[in-house]
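Note sheet for the following structure.
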Amino acid sequence: MCGIVGIVGTSAVNQRLYDALTMLQHRGQDAAGITTSSEGELCVRKGSGLVRDVFQQHHMLELRGNVGIAHVRYPTAGCEGAAEAQPFYVNAPYGICLGHNGNLTNAAELADVLIREDRRHLNTSSDSEVLLNVFASELQRIGAARISPADIFAALAAVYRRCRGGYAAIAMIIGHGVVGFRDPNGIRPLVLGTRDTARGAEWMLASESVALTGLGFRFVRDVGPGEAVFIDERGRLHAQQLVVAARHTPCIFEYVYFARPDSIIDNISVYRARMRMGDKLAERIRHERPDHDIDVVIPIPDTSRTAAMQVAQLLGIKYREGFNKNRYIGRTFIMPGQEQRERSVRRKLNAIDFEFRGKVVLLVDDSIVRGTTSAQIIELAREAGARKVYFASAAPPVRFPNVYGIDMPAANELVANNRTVDEIAAAIGADWLVYQTLDDLVQACQHDNATISEFDTSCFSGEYVTGDVTPEYLERLRTERSDAAKARRRDAERAELRVVRGG
């Protein structure tokens with residue numbers, strides 16, 4: 001999962017791109033990058049780490065121009081090195097930079113065609129570079145000295161024909177403007193905003209509405225599934241529906257975990273969706289444990305707070321903040337390896353003994369993925385003196401890999417895979433475990449907008465909305481992109497480095 005942003009402004013956009021990335025930092029903490037354009041010159045800064053660490057003052061001063069795009073990344077699809085920080089760039093045709101959120105399910109096949117037939121060089125293993133080169137190749141076929149919006153849309157129509165999966169992308173075509181487009185199912189989010197200035201209209205594209213409103217832009221609308229929008233350097237907006245969206249199925253995990261609660265995605269408030277998740281979860285607890293002995297409800301900060309407060313209110317139980325969170329440790333789910341996730345849990349959270357000692361505690365989390373965080377947090381609660389520790393998940397069991405841009409590549413890394421609820425409870429050390437049902441989760445998320453009738457729920461249901469995910473593809477993901485595969489690559493890189501250094 002990544003965060004993307006693009007701005008066509010009437011004044012320098014460097015600081016606003018930086019600020020937007022800080023508002024999207026929750027979507028990726030592995031790398032960050034900004035590219036801007038000034039009188040045909042490309043300005044670039046990107047690197048590994050948090051936004052605040054990648055950009056220093058002298059970097060910002062070098063990012064000149066009124067047009068630019070930016071990206072924050074966490075490692076998916078085999079992307080782990082600093083060389084794979086985005087936005088990516090190709091110099092032909094015209095000079096194009098691209099930032100991408102999602103995953104192409106046919107990236108390997110596309111890469112083969114790009115190299116063999118289109119004669120394009122790929123420098124990384126990232127599917128984002130594949131997407132950029134497909135777009136560049138299609139623009140190259142048009143062959144115009146200066147492209148028009150119609151040319152851009154024609155090239156993107158070909159991109160849609162060639163690329164499959166879940167994706168949202170923003171590209172800057174140097175000397176022309178910024179284009180954004182979204183997959184035909186609308187799996188990954190993309191929103192459009194504007195603001196008026198004395199010099200004219202400014203436009204912004206971003207992964208979440210919070211980035212727009214935080215910079216004073218007025219939310220206009222979501223970019224539609226299969227739609228492309230182009231803002232030229234004079235601030236004129238062009239939009240075209242390039243693919244008829246047969247099924248609009250936004251990723252439901254955005255509402256569960258990834259998006260900020262103050263964002264609105266596809267006209268659905270993330271905060272209100274999480275409130276309703278808490279309502280549904282409370283109803284389920286009442287059904288399963290009508291004579292429960294819960295003394296206190298405690299959230300796992302931060303994403304689960306909204307649901308936990310609703311659970312406590314509807315059950316008539318005290319709500320307490322039982323964990324103090326270190327704000328300088330990243331989100332453990334989106335860390336690149338299991339070992340790093342395990343080390344980070346205890347450094348991130350510290351139990352407040354007073355809230356646990358001698359009590360029956362219900363811990364509420366947004367979801368349980370690998371079980372790493374859940375098991376360690378339950379252990380923290382017991383060490384703090386809890387008499388019993390119950391655990392509630394605002395999402396159903398995550399039993400299947402996600403192939404559309406969330407780092408769930410191997411089913412055997414998921415604690416719920418091939419386990420019953422009682423077996424999962426034993427695995428994480430809970431005295432009792434309750435999950436949200438998938439039907440209740442869908443109802444909680446679709447309430448605001450009746451036009452969204454279904455979601456991508458593949459990590460819960462195993463149903464992949466693009467219709468092209470085969471057992472063979474999932475097995476290839478397992479062997480190439482699991483934590484074990486990442487560890488083998490890191491070991492190989494260390495060994496190679498030792499050889500280079502002569503030791």
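Counting only heavy atoms from C-beta outward, the side chains of Arg45 and Val54 approach each other to under 4.5 Å. For the pair Leu132 and Tyr89, the minimum side-chain heavy-atom distance is 4.5 Å or more. No side-chain heavy atom of Leu98 sits under 4.5 Å from any side-chain heavy atom of Pro87. Side-chain contact check for Pro189 versus Asp222: every heavy-atom pair is 4.5 Å or farther apart. At a threshold of 4.5 Å between non-hydrogen side-chain atoms, the residues Val270 and Asp262 do not count as touching. The shortest distance between side-chain heavy atoms of His59 and Tyr18 does not fall below 4.5 Å. Between Leu441 and Met277 the shortest side-chain heavy-atom distance falls below 4.5 Å. In this structure the side chain of Val134 reaches within 4.5 angstrom of the side chain of Leu114, judged on heavy atoms.
Between the side chains of Glu463 and Ser458, no donor N or O sits under 3.5 Å from an acceptor N or O. Checking Asp366 against Ser304 by side-chain atom types alone, no donor-acceptor pair falls below 3.5 Å. Checked by atom type, the side-chain pair Asn133/Arg120 shows a donor-acceptor distance below 3.5 Å. In this structure, a donor-acceptor pair under 3.5 Å is absent between the side chains of Ser128 and Tyr167. Using a 3.5 Å distance cut-off with no hydrogens or angles, the side chains of Asp118 and Ser137 do pair a donor with an acceptor. Thr10 and Thr197 share a side-chain donor-acceptor pair at under 3.5 Å. Between the side chains of Glu202 and Thr194, no donor-acceptor pair is found at a separation under 3.5 Å. Side-chain contact of Glu208 with His26: a donor-acceptor pair under 3.5 Å is present, judged by distance alone. A donor and an acceptor atom, one from each side chain of His238 and Asp232, are located under 3.5 Å apart. A donor-acceptor contact closer than 3.5 angstrom is absent between the side chains of Gln436 and Lys280. There is no side-chain donor-acceptor pair under 3.5 Å between Thr22 and Asp19. Between the side chains of Ser126 and Glu84, no donor-acceptor pair is found at a separation under 3.5 Å.
Between Arg182 and Asp266 there is a salt bridge, since at least one side-chain N of the basic residue sits less than 4.0 Å from a carboxylate O of the acidic one. A salt bridge is absent between Glu413 and Arg478: the closest approach of a Lys/Arg side-chain nitrogen to an acidic carboxylate oxygen does not fall below 4.0 angstrom.
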Worked verdict on Arg27 versus Cys2 for side chain to side chain contact (heavy atoms under 4.5 Å, CB included): CA-CA 5 Å; Arg27 300 185 68 87; Cys2 301; 5.8 Å; no

Steps toward side-chain hydrogen bond (donor to acceptor under 3.5 Å, both in side chains) verdict (Asp440, Thr437): CA-CA 5 Å; Asp440 283 347; Thr437 68; 3.2 Å; yes

Side chain to side chain contact (heavy atoms under 4.5 Å, CB included) between Thr457 and Val442, intermediate numbers included: CA-CA 9 Å; Thr457 62; Val442 169; 4.3 Å; yes

Audit row: Thr36, Val13, side chain to side chain contact (heavy atoms under 4.5 Å, CB included) steps and yes/no: CA-CA 8 Å; Thr36 61; Val13 296; 4.2 Å; yes

Test log, rule side chain to side chain contact (heavy atoms under 4.5 Å, CB included), inputs Asn106 and Tyr473: CA-CA 9 Å; Asn106 64 334; Tyr473 176 78; over 6 Å; no

Stepwise side-chain hydrogen bond (donor to acceptor under 3.5 Å, both in side chains) check, Thr105 with Tyr464: CA-CA 11 Å; Thr105 54; Tyr464 297 95; over 6 Å; no

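In this structure, Asn402 contributes its side chain and Cys459 its backbone to no donor-acceptor pair below 3.5 Å. Remark: the backbone N or O of Ile174 is not paired with any side-chain donor or acceptor of Glu233 at under 3.5 angstrom. With Asn14 contributing its side chain and Met60 its backbone, the two residues share a donor-acceptor pair below 3.5 Å. Counting only distance, with no hydrogens or angles, the side chain of Gln29 and the backbone of Tyr74 share no donor-acceptor pair below 3.5 Å. When atom types are taken as modelled, the side chain of Ser207 and the backbone of Ile4 share a donor-acceptor pair closer than 3.5 angstrom. Side-chain atoms of Ser393 do not come within 3.5 Å of backbone N or O of Tyr435 as any donor-acceptor pair. Using a distance-only test at 3.5 Å, with no hydrogens or angles considered, a donor-acceptor pair links the side chain of His71 to the main chain of His100. Here the side chain of Glu138 pairs no donor or acceptor atom with the backbone of Val159 at under 3.5 angstrom. Using a distance-only test at 3.5 Å, with no hydrogens or angles considered, no donor-acceptor pair links the side chain of Tyr404 to the main chain of Asp456.
Among Val229, Leu190, Val179, the single residue meeting the side chain to side chain contact (heavy atoms under 4.5 Å, CB included) criterion with Ile170 is Leu190. Leu205 pairs with exactly one of Val191, Val5, Val223 by the side chain to side chain contact (heavy atoms under 4.5 Å, CB included) rule, that one being Val223.
Nearest heavy-atom pair, Asp183 versus Gly165, reported as atom, atom and distance to 0.1 Å: CB-O, 3.7 Å. Nearest heavy-atom pair across Gly33 and Leu21 is O-CD1, 3.8 Å. Closest approach of Pro184 to Val243, counting heavy atoms only: CB-CG1, 3.9 Å. Taking every heavy atom of both residues into account, Tyr257 and Thr303 meet most closely at O-CG2, 3.6 Å. The shortest non-hydrogen separation linking Arg260 to Arg274 is C-NH1, 4.4 Å. Residue Ser209 comes nearest to Ile264 through the heavy atom pair OG-N, 2.8 Å, listed as atom of the first residue, atom of the second, then distance.
Other residues, nucleotides and ligands place more than 12 heavy atoms under 6.0 Å from the CD atom of Glu117. Summarising the local packing, CZ of Arg221 is surrounded by more than 12 heavy atoms from other residues, nucleotides or ligands at distances under 6.0 Å. The neighbour count for Tyr319 OH, taken as heavy atoms of other residues, nucleotides or ligands under 6.0 Å away, is above 12.
Note: Cys97 SG to Ile69 CD1 = 5.5 Å, rounded to the nearest 0.5 Å. Residue Ile152 holds its CD1 atom at 6.5 Å from CG of Leu139, rounded to the nearest 0.5 Å. Atom CG of Leu212 is separated from atom CG of Leu192 by 7.5 Å, given to the nearest 0.5 angstrom. In this structure, CD on Glu39 lies 9.5 Å from CG on Asn66, to the nearest 0.5 angstrom. To the nearest 0.5 Å, atoms CD (Gln140) and CZ (Phe135) are separated by 12.0 Å. Within the model, atoms CZ of Phe253 and SG of Cys445 stand 11.5 Å from one another, a figure rounded to the nearest 0.5 Å.
Phe217 carries Arg195 over the face of its six-membered ring, with the cationic atom under 6.0 Å from the centre and within 45° of the normal.
Residue pairs meeting the ring pair (Phe, Tyr, Trp, His ring centres under 6.0 Å) criterion with at least one member in residues 174-215, sequence neighbours excluded, are Tyr94-His176.
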